2 protein chains.
Amino acid sequence: MSDKQNKEQLILVAAEQEFLCKGYDGARTTSIAKAAGVTHAMLHYYFRTKEQLFERIVDEKFKIMSKSMLAALGEPSLPIVERIKEGISSHFDFIVQNPDLPRFIINEIISRPERYKILHERVGKIVDTIYKNLQKEIDEAAKRGEMEQINVKMLFISIMSLNIFTFVAYPFMQPLMGELMRNREEFLTNRKAENIETIMRRIKKQ
Amino acid sequence: MSDKQNKEQLILVAAEQEFLCKGYDGARTTSIAKAAGVTHAMLHYYFRTKEQLFERIVDEKFKIMSKSMLAALGEPSLPIVERIKEGISSHFDFIVQNPDLPRFIINEIISRPERYKILHERVGKIVDTIYKNLQKEIDEAAKRGEMEQINVKMLFISIMSLNIFTFVAYPFMQPLMGELMRNREEFLTNRKAENIETIMRRIKKQ
DNA sequence: CTTTGCATTAACAATTTTGTTAAACATTTA
DNA sequence: TAAATGTTTAACAAAATTGTTAATGCAAAG
């Protein structure tokens, strides 16, 4: 009984690894089965097709990615500048924990846009409401001279860019960075601080 | 004679489109041949294998990508702040002209790191020299109070992030942006200005 | 004009990858 | 323990994809 759970689970774990790393097209069901230590007939027994196995992975990943992006818009109860700072910080931490996720999601959406259209648009609508409130807060804070007037969507793009790109492009950037990325822990700390500093300067009244 | 040139060229054009859009794994030689309007035997006749056809594309793309990143480090003859501004601007323009390129290169390097190791490290060394000079200039300008002291590699990562991410993640971001991205020309103009403003504020003495 | 050499095609072959099946095996339940 | 149910395996089948070949066409050079 726990053996069934076990094999199914083993396949899921191996599949997640393979799909996240190589994408749908690059992943091989035989390779997943091998990594999970089962025959590849077992994979088809539990999940029928590669497609269905993939869906199990991608749906979950899409959800946590969306959730983290909402979280990046910060805790509404905080004062606006604090809220933005905290949003960047928690989003950065999430990406550190899931460094392969953004690239996976982006590639997936690009290769099969139709599949995610509905789910994606739903997230879009949720985000839209949050934007509106946040924009209002920003406008008011700007009027009070507490921060710079700025378009919240533009700000959001900047935050996503700074927090995500490093990880999406890690193997590309790393050889161009010499010592800088050698010590991972240290780099992550510095990078997080840099992203926050960059955005804070962008929104601070000059 | 020009017919040979023609078919070979047609295949290359179709292959570039297919590979950039779908990656090596997702691309199909039959689909490339079809798009080029030739039999797929012709593809093998001119390029022998999918692998070799791919190399023709990827080598060129890797080179222009590297070149554009070097250009992002700006024209050394300019005063430092101007130099950085101009670097961002020209890099952004390049990415606008080649929006699919970064994602293609990143995915390619991730799926076959060994292949690019040498080429990549060579670029790394060139960049390293430029960093050193640029860092010296920044340090001096900072001492004169013209700008903020900042690590040039960190600055470079920020510039790449802001300029590239929007395009890498376009289909992912677009549904989250409502009206903002609807008018492409307008969005690009605003985005470029935003990136420059963000970096300028980051390096300006407070 | 005919030989030479490249270009082209259609049919075929090989390989890789995914998916199926029937039989053996194990486990639970009555 | 016997029936029922679910699990596992090995061998096989199907499909998709890449790669080859032999025959044909065609244009230029001798």
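Naming: A, B, ... by sequence-line order, numbering from 1 per chain. In this text, all values refer to a predicted model and were calculated from it rather than measured experimentally.
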Value in whole Å for how far the C1' atom of D/dA15 lies from CD of A/E51: 15 Å

Flag side-chain contact, heavy atom, 4.5 Å: B/E194 against B/T198: yes

Length of the CG-P vector between B/L43 and C/dA7, whole Å: 15 Å

Spacing of A/K34 atom NZ relative to D/dT9 atom P, expressed in whole Å: 16 Å

Sugar-phosphate, base or nothing in reach of A/A27, heavy atoms under 4.0 Å: sugar-phosphate

Proximal nucleotide (of C/dT21, C/dT9, D/dT18) relative to the B/R28 side chain: D/dT18

Per B/T49 side chain, nearest of listed nucleotides D/dT17, C/dT8, D/dG19: D/dG19

Partner set under side chain to side chain donor-acceptor pair (under 3.5 Å) for B/R83, not counting sequence neighbours: B/E137

Separation of D/dT8 P from A/F47 CZ (nearest whole Å): 12 Å

Between D/dT21 (C1') and B/R48 (CZ): distance, integer Å: 11 Å

Partners meeting side chain to side chain donor-acceptor pair (under 3.5 Å) with A/E121 (sequence neighbours left out): none

Residue pair A/S89 / A/K192, side-chain donor-acceptor N/O under 3.5 Å: yes

A/N163 and A/R191 side chains, donor-acceptor separation under 3.5 Å: no

Atom-to-atom span, CD1 of B/I11 to P of C/dA7 - whole angstrom: 11 Å

Side chains of B/S158 and B/R202 in contact at under 4.5 Å (non-hydrogen atoms): no

Side-chain donor or acceptor of B/K153 paired with backbone N/O of A/M177 under 3.5 Å: yes

Inter-axis angle, terminal five-pair segments of the helix from C/dC1-D/dG30 to C/dA30-D/dT1 [nearest 10°]: 10°

D/dT8 phosphate, OP1 or OP2, under 4.0 Å from A/T39 side-chain N/O: no

A/Y46 side chain near D/dT8 phosphate (N/O to OP1/OP2, under 4.0 Å): yes

Donor on one side chain, acceptor on other, B/Q135 and B/D139, under 3.5 Å: yes

A/Y45 OH - C/dA23 C1' separation (whole Å): 14 Å

N/O (side chain, A/T30) to phosphate O (OP1/OP2, C/dT17) under 4.0 Å: no

Which nucleotide in D/dG19, D/dT9, C/dA7 has an atom nearest any side-chain atom of B/H40: D/dG19

Per B/M42 side chain, nearest of listed nucleotides C/dA7, D/dT7, D/dT20: C/dA7

Of the listed nucleotides C/dT18, D/dG6, D/dT9, the one nearest the side chain of A/H44: C/dT18

Rounded distance in Å - OH (B/Y24) to P (D/dT17): 13 Å

Nucleotide nearest B/K50 when distance is taken to its side chain, options D/dT18, C/dG19, D/dT8: D/dT18

